[in-house]
Enquirer: 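Below: one structure in structure tokens.
Naming convention: chains lettered A, B, ... in sequence-line order (proteins, then strands); numbering from 1 in each chain. Below, each value reflects all heavy atoms present in this structure, side chains not excepted, and no hydrogens, waters or symmetry copies.
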Amino acid sequence: MKKLFQNSAFLSLLIAASAVIFGYWLLENPRSTLAFLLTLGALLAAFMLDIPKWLKVLVGGAILLLVIPWAGFKNSFLFELGVQTGIYAAMALGLNVVVGLAGLLDLGYAAFFAVGAYTWAIFGSKQANQFMPWHIFPLPGAYFYLFMLVAVVMAALTGVIIGSPALRLRGDYLAIVTLGLGEMVRVLANNLDHPINITNGPQGITPIQRPPIDWFIALFDKFGIHMSRAEAYPLFFYFLVLVIIGIVTLVNIRLDRSRFGRAWIAIREDEVAARAMGIPLLPTKLLAFATGASFSGAMGALFAAKQLYVSPESFTLIQSIMILVMVILGGMGSIPGAILGAATVTILNVDLLKTASDYLNDLRNAGFVLDLGIFKYNFANLPNQLEPAKYERMVFGLIMILMMIYRPEGIIPERRHVAEMKEKE
Amino acid sequence: MLEVLIQLLPSVLLEGLILGFVYAMIALGYTMVYGVLELINFAHSEIFMSGAVAGAETFILLKGAIANPFILLALAILIGGTVAAIVAILVERLAYRPLRKRGTTNRLVPLITAIGASFFLQDLVRLIEGLWHNAFYRRYPSFEVFEATYTLPNLLGSLIILLTLWLVFWVVAYFFYWIYRTVTRTQGISRKASRGLWIAALVLTLLSAVIYRTTIFGDLGLTIQMKSILVVVISFAMLYGLNWLVHRTKLGIAIRAVAQDAQTASLMGIDPDVIITYTFLIGGFLGGVAGVLFGLLYTLVHPYVGFIPGIKAFTAAVLGGIGNITGAAIGGLVLGMLEMLGGTYLTFLTNGAMGTEYKDILAFAILIFILLFRPQGIMGEQVGEKV
Amino acid sequence: MKKALWLAVVALGALAFAQGKVIKIATVSPLSGEQAALGEMIKLGAQLAIEEAQPEFEKLGFKLELAPQDDQANPDVGVAVARRLVTDPEILAIVGHLNTGVAIPSSEVYKDYQLPMVSPANTGPAVTDRCYLDIDRLVGRDDVQGPAGATFAVKTLGAKRIFIIHDKTTYGQGIAEQFKKRALELGAQVVGFTGTEEKSNFQALILQMKAKRPDFVYFGGIYNQGAVLLKQMRERGIKATFMGPDGLDSSKFVEIAGQAAKGVYYTTVAGPIDQYPKAKAMAKKFEEKFGKAPESFAIYGYDSANVIIKALKNFISYAHRAPTRAELSMLIRQTTLEGVTGHVEFDYKGDRKQADYFVVHLEEAKYPGKVVKVISFPAPATKCKAIR
Amino acid sequence: MSEAILEVNEVTKTFGGLVAVNAVTMHIEKRRIFAVIGPNGAGKTTFFNLVTGIYKPDRGSIVFDGVDITGRDPAVIAGMGMARTFQNIRLFGSMSALENVMVARHVHTRTSYADALLHTPRYHREERKARDRAMELLAYMQLDHRAQELAKNLPYGEQRRLEIARALALEPKLLLLDEPAAGMNPQETEDLQRRIVGIRDDLGITIVLIEHDMKLVMSISERIAVLDYGKKILEGTPEEVQNDPRVIEAYLGPGAAEGVQ
Amino acid sequence: MKKVLELKDVHTYYGHIHALKGINLEVAEGEIVTLIGANGAGKTTTLRTISGMIHPRKGEVLFEGAAVTHLPAHQIVKKGIGHVPEGRRIFPRLTVEENLEIGAYLQNDRQEVERRKAEVFEIFPRLAERRRQLGGTLSGGEQQMLAIGRALMQDPRILLLDEPSMGLAPVLVDVIFETIAELNKRGKTILLVEQNALKALEVAHRGYVLQTGEITLSGPAKELAQNEEVKKAYLGG
């Protein structure tokens, strides 16, 4: 039996079959969480197991580009899941550079997300008129793509500004200082409505322009698929995110395999030895920090366009922690790990915990009575407080503790980290 | 405007002092654990919170049964401290010790665990409180005895103002003297010059006392509440007690020995694990008591109440020199006063452009500033990097 | 472990069996965290309305259900919940949210899916100023509530030196600014205007007050912060009159502030139960069912749900099928209801045509206080602010 | 006497009252094998740390290849051509042997950040160059068959060799070896001895080593400096050192000189 | 004579490094046994293995006939093995008196502690003078005295001394060795590790020579002092 599973041909067949079966099931039942998870499971299996590359591409392409968009038409929540997963995956990949590769614990990562989001939000809405002459704002939606680049630059700059003092500090101090600086960015966003109104303070900025998608709708029209704007945007963002994830992953891999990636790992492992090998400490760390920040900045701009509304409340410590959890869960330094971690946490947070809460509510509505003779319980009395969706912090906390104790190298460990984490003096 | 600033000064410093004592007590928990394990125990803010919540529950449960508020307070402190100590020990046992036993060299690992523990505890308390009372907030009841307000003599306020002015003038004078020395490239400071600075500052102080006599010697409205007095007295007693424990008892010496060199300490027959447990117990107890006092002062507590005071207390610990017990206490007091000064005066100084909302940022700014320019803190000693 | 699993399977099976043609109305409000007390009231009010209507719907061949959701008073969570709700075809309408800052981004989602939302609590002008067909609200607006409060403060109470504090949220800052504007127009002096996220230690603000010597303090925000601020102000001997908006309208306010609550004024868009003669019966049922007295937002939650229920009933009895969301949206906008909060009718933006604003005085430290003034005011006819 | 590559002048370093290195002066000529010996705690490793910039000297100056490097950043000094190994091996354990060596090619690789992202021809060229050079060095240290293995999984002797290979990747003019033979068995030590001489002869690199294995020191070094209590008590050829009573005293204790002789 | 301590074929590793390659040694009651050898030969590792700071992968450590091989350090101390570690490792921010008291951590009888303290002060009068001073402010020699005094506070059955003369001026070295002899006269069994071989062999009864983790020579101290191999072990001759 075990041998059978090591047989590549058998595995390929198995995965292809399960991808088809689960994919079909998802198409038939787009609202079934189980079908969705199993489809993703098939995708993951295709990636993880030892099967021919062309099959991996085929299965991945079919699921990501056909099955999920198709099912998404029937249940647009899948797009929401996909886009959120994508946004977080890109950020997790960015944080992966900082934490995973360079070994710098950054607890204020959401700050860069905020910088990116505000960059587009301010200029893609009327907000900029508040402090700029000309009254040409909001800029047309097509500028969005330009501003994604601007957001990248702004976030990287912020990374350098925050990093230059913070990165001089030792590891655990760095954590608490980045936490503080991240909080500072949020407080600034919340307070820069006076004396000059830049961020509109707690009121937030809305509405924000979205990139124009007439061409996108027209494109699908040609294939006989007609969509309204409201239908087209989720699909558009889904594809946009897929493209960005592709780029970001590529950047991650390329950096990892360049002299910069090696320098980061060297610094993470042994600062003294790295310096003795000619690697300048601060510039190299700053580079990691700015790189990570720029990923987050780009996704911030996308977030602003998707959400149409930006307010300081979206950029709190829990966001930073959530992204950290994704990196840890997937495996520090591991690129597929970061994506898997992002998917797991996002799906858990956005869907599974809430689905569980809904089941609880259904139980309550049904008034189901459990009768075990001695013990009788009416589910109608089930307290609200038990809803799992409320306890995301508990879930994250537990994930962090358990992972560190039992599997510090993560679900898909990076080759290099296994060695480091399992070390025993 | 200057008159307003002067007039508020004694009240600001007094409020800062009260707040500072609370910070000092929390800071001790951070500093003790750091001293022994070199770990920033992120979960300490939640240990503080569990103490605060447990104290509130004690008050609420026993309010009907026990009429005397002082006995009630004593019980709340005892129970709040104990609960916090138990939580602290459990965190150590379940989250930190397994890591220590595995012996990872990666410094991020225990830190991430600590953050996880902190988040876990927040929602655990929320779940318990939610199931128990369907409540998020717990309120500390008010008692007339505790709320009673006493007016302090104006003379005391005047004295505080004069002393502060003297100090401020001295700092300013010293600053200019320092620039002068830098420009003229002279080394060291002579005794005579030093005395001269003190006298110059004194003269300036007396001069301003004459100019602003009506303000300084006028009605300063310096009041203090019974509960604030209690907070100061209890925290002072606790800090003093801790000082005694750490310096005069065998356990205290053992704690310090483990903090300095755990391996050698084990050669003395000390089990480091036992000492670490004690450290968490003591730090947790103090944190819990701080939580009860915090609740008494500010009325409402809830599962997320620990975060901000936790960060501030950590700042205080770093300010005083992390790992140093006296330093933590001094750092707490200094931070409390700075925060009150910033929170109150910023509005006046920037004419409303920046206000109280920046006071938390002030704490972070102080933290970063210290870490960059004097990482060993006020009381700490420079430790050479091991290569 | 295994046994528990079996039980769960049985339970779910029972569920599946029980389902018929289901119509769900969702409530979205904070059920956990700092503002749960207000959010809970919205949910319970709507729950009562739905449970009352259930037998009637059963006769029509439908099972009416409540789907309570928790937005944690956080815009991100709110939007995420909204995205889930719109994809559940059984959910036909929303009662929610509590916080304006959450309602604005969430309603963008509802609008895209034409899912009707009836707000029992959002007072921010922007909620309806976008003129979405699917968004209606039962309560008044901050650009009336704030000025109404200011008028009362300056004209009736004679406030001269006013210190304004807000909680740095969309709602709190918004209403504080409306208050400030009117107060200045009426010739009062605003000696301080500041926002704070602080929840425990207000001494820095209180010392500023001591320096500025206000005779009137206005707090734009929610009870959990306001009550603590008030208590500490009184402890430090500041005797200025204290006033706030409907965020203070909760029994918890009095519970937290204790004796300090005595003498406080607040404006509210959801009047106390005793203001509504019809509410008596509802209040009694509510107390029987949930074991606590309904507070203002409960009756607004109740009425919000009832508007939806009435529209649903009308449609079903006429068309013998469940309406689509778009149909329901249109219908709700046209529905009139003699609810427990009075006559409900919406204008072109979705605002209630004639909303009531109350000034309440807590003569004793007891909730609810005495209504000292009722202003009935039509929603201002602001221009629609189109989004694209 | 040929030109000096490293001139250490009156360098002093104290740690909280303890003088670790006390006014040490040393001139090391090009293409020499120079050894620093002394009993435990004599300040040898501190001396290395001062030279490589990890510690800043309290007093004195260090001139490397004609440039004053006192107080410079270690990375800069390394970039100028000074490489070292560590007493307690400090490899990047979770990287492969090849990657370890490639890390030290950092300063010699001219890939810019943009090159790395866009995979320009320059990136490929430089990366290939770095890899080839690293493989060459691994082969030179007879580690090429271990290129893909994680550094920490190598046996001890190979780790020592890998550390030297890594140091050589910096293309140093001066190589500092801190107890390279520690923990090695006699065969390994002999092998090491040949390699050290080889590095000097093949690559023309000046070598300074700290070593306790006197057999090794005496057989390969051309000059030896003896440190005791942070002070240089002697410098000379192996014969001079071996027969100097001060050395015997430093090692075996006062009065030892007569006793043993 | 009764064997106090015995090592049987002890193999200890630091990670990949095979530091001790089958050490056999024994110490009888009342003896001073010295362990000499060059740097890195494994002397300190041997002591650390005995006191439980590192555990051997193979072999046994017997104390008074009972195996203590895998006990944690703090329990081995309880049995009666006192270890003065290399580099003295006194607690720098505890006073001299506190350093001594922590030495007697396991002794709960206050009077007994005072008695031992008095004895230590009698042996090292310098410590009595500086009892209130912080350990870190002492000179090297005083720190060594303190380290020995601290171990004596445990009243150990056997005292392990690791390089007590390291980094000390010659005058002080003499003092330390005199003290060692004095302690032995008072009945203490001592295992002494020294780089200063001749001095050590002067006071010791027996000696072992350690070279790269193996014992190459052993015998009465007087004979070892005359042995050419000893010199070779150090200078590579």
Side-chain angles (χ1 to χ4, degrees), chain A residues 97 100-101 103 152 156 247-288 290-291 294-295 331-334 409 413-425, chain D residues 48-49 52-54 73-86 88-96 98-119 123 126-127 130 134 148-153 163 166-167 169-172 176 178:
Chain A
V97 170
L101 292 185
V152 164
I247 297 173
V248 163
T249 310
L250 196 68
V251 167
N252 233 302
I253 293 173
R254 289 189 164 183
L255 285 177
D256 189 22
R257 293 187 186 159
S258 73
R259 68 178 180 129
F260 304 104
R262 290 191 294 269
W264 289 331
I265 298 164
I267 281 183
R268 179 189 77 200
E269 291 236 328
D270 189 334
E271 285 193 2
V272 173
R275 287 164 88 190
M277 293 306 124
I279 292 166
L281 215 51
L282 192 62
T284 311
K285 284 184 177 178
L286 269 180
L287 191 67
T291 306
S294 60
F295 288 12
M332 280 192 262
S334 152
E409 70 274 18
E414 193 225 14
R415 178 177 57 101
R416 296 166 178 142
H417 259 91
V418 187
E420 194 184 348
M421 296 286 188
K422 285 277 164 144
E423 185 165 16
K424 176 150 183 142
E425 274 294 285
Chain D
F48 265 25
N49 284 337
T52 51
I54 290 170
D73 189 90
V76 175
I77 296 174
M80 290 166 65
M82 189 193 294
R84 72 173 290 186
T85 66
F86 295 88
N88 43 344
I89 306 180
R90 300 184 87 146
L91 287 167
F92 307 117
S94 64
M95 284 200 242
S96 70
L98 178 66
E99 283 174 311
N100 262 281
V101 181
M102 284 176 80
V103 165
R105 297 297 304 167
H106 190 80
V107 283
H108 296 289
T109 313
R110 247 163 282 289
T111 325
S112 74
Y113 191 68
D115 287 331
L117 288 188
L118 303 175
H119 274 201
Y123 163 82
E126 290 286 322
E127 197 74 358
Q148 297 307 327
E149 223 150 304
L150 290 190
K152 69 172 303 158
N153 294 341
E163 225 191 356
R166 184 179 68 175
L170 266 173
E171 309 295 342
L176 307 173
D178 197 347

Enquirer: Is there side-chain contact between M277(A) and R166(D), with at least one heavy-atom pair below 4.5 Å?
Expert: yes

Enquirer: Heavy-atom cut-off 4.5 Å, strictly under: side chain, backbone, both or neither for T52(D) against chain A?
Expert: neither

Enquirer: Quick one: of H119(D), M102(D), E126(D), who has the most non-hydrogen atom pairs under 4.5 Å with chain A?
Expert: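 The candidate making the most pairs under 4.5 Å is H119(D).
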
Enquirer: Against chain A, label I77(D) side chain, backbone, both or neither, depending on which of its atoms sit under 4.5 Å from a heavy atom there.
Expert: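 Neither; nothing under 4.5 Å.
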
Enquirer: Working to the nearest 0.5 Å, report the span between CG of N100(D) and CD of E269(A).
Expert: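 Going from the CG atom of N100(D) to the CD atom of E269(A) covers 8.0 Å.
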
Enquirer: Pick whichever of A274(A), A263(A), A266(A) has the most heavy-atom pairs under 4.5 Å with chain D.
Expert: A266(A)

Enquirer: Looking only at heavy atoms, which two atoms of L170(D) and A276(A) are closest? And how far apart?
Expert: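 The answer is CD1-O, 3.5 Å.
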
Enquirer: Would you check, one step at a time, whether the test side-chain contact (heavy atoms from CB on, under 4.5 Å) holds for D73(D) with R275(A)?
Expert: CA-CA 8 Å; D73(D) 189 90; R275(A) 287 164 88 190; 3.4 Å; yes

Enquirer: Got a sec, which residues hit ring-ring contact (aromatic ring centres under 6.0 Å, His included) with F260(A), two or more places apart in sequence or on another chain?
Expert: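 Partners of F260(A) by the ring-ring contact (aromatic ring centres under 6.0 Å, His included) criterion, ordered by chain and then number, come out as Y113(D).
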
Enquirer: At their closest point, which heavy atom of Y123(D) faces which heavy atom of S258(A), and how far apart are they?
Expert: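 Closest approach of Y123(D) to S258(A), heavy atoms only: CE1-CB, 4.1 Å.
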
Enquirer: Closer than 4.0 angstrom, basic N to acidic O: yes or no for R254(A) and E127(D)?
Expert: no

Enquirer: Test your reading of the model: is there a side-chain donor-acceptor pair from E99(D) to the backbone of R262(A), 3.5 Å cut-off?
Expert: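 No.
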
Enquirer: Listed by chain and number, what are the side-chain contact (heavy atoms from CB on, under 4.5 Å) partners of V251(A), not counting sequence neighbours?
Expert: I247(A), L255(A), F295(A), L117(D)

Enquirer: Under a 4.5 Å cutoff for heavy-atom pairs, which residue among A104(D), P74(D), A169(D) has the most contacts with chain A?
Expert: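 Ranked by contacts with chain A, first place is P74(D).
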
Enquirer: Would a distance-only check, ignoring hydrogens and angles, find a side-chain to backbone donor-acceptor pair under 3.5 Å from R90(D) to D270(A)?
Expert: no

Enquirer: Please find the pair of heavy atoms, one from G278(A) and one from V107(D), that lie closest to each other, and give the distance.
Expert: O-CG1, 3.4 Å

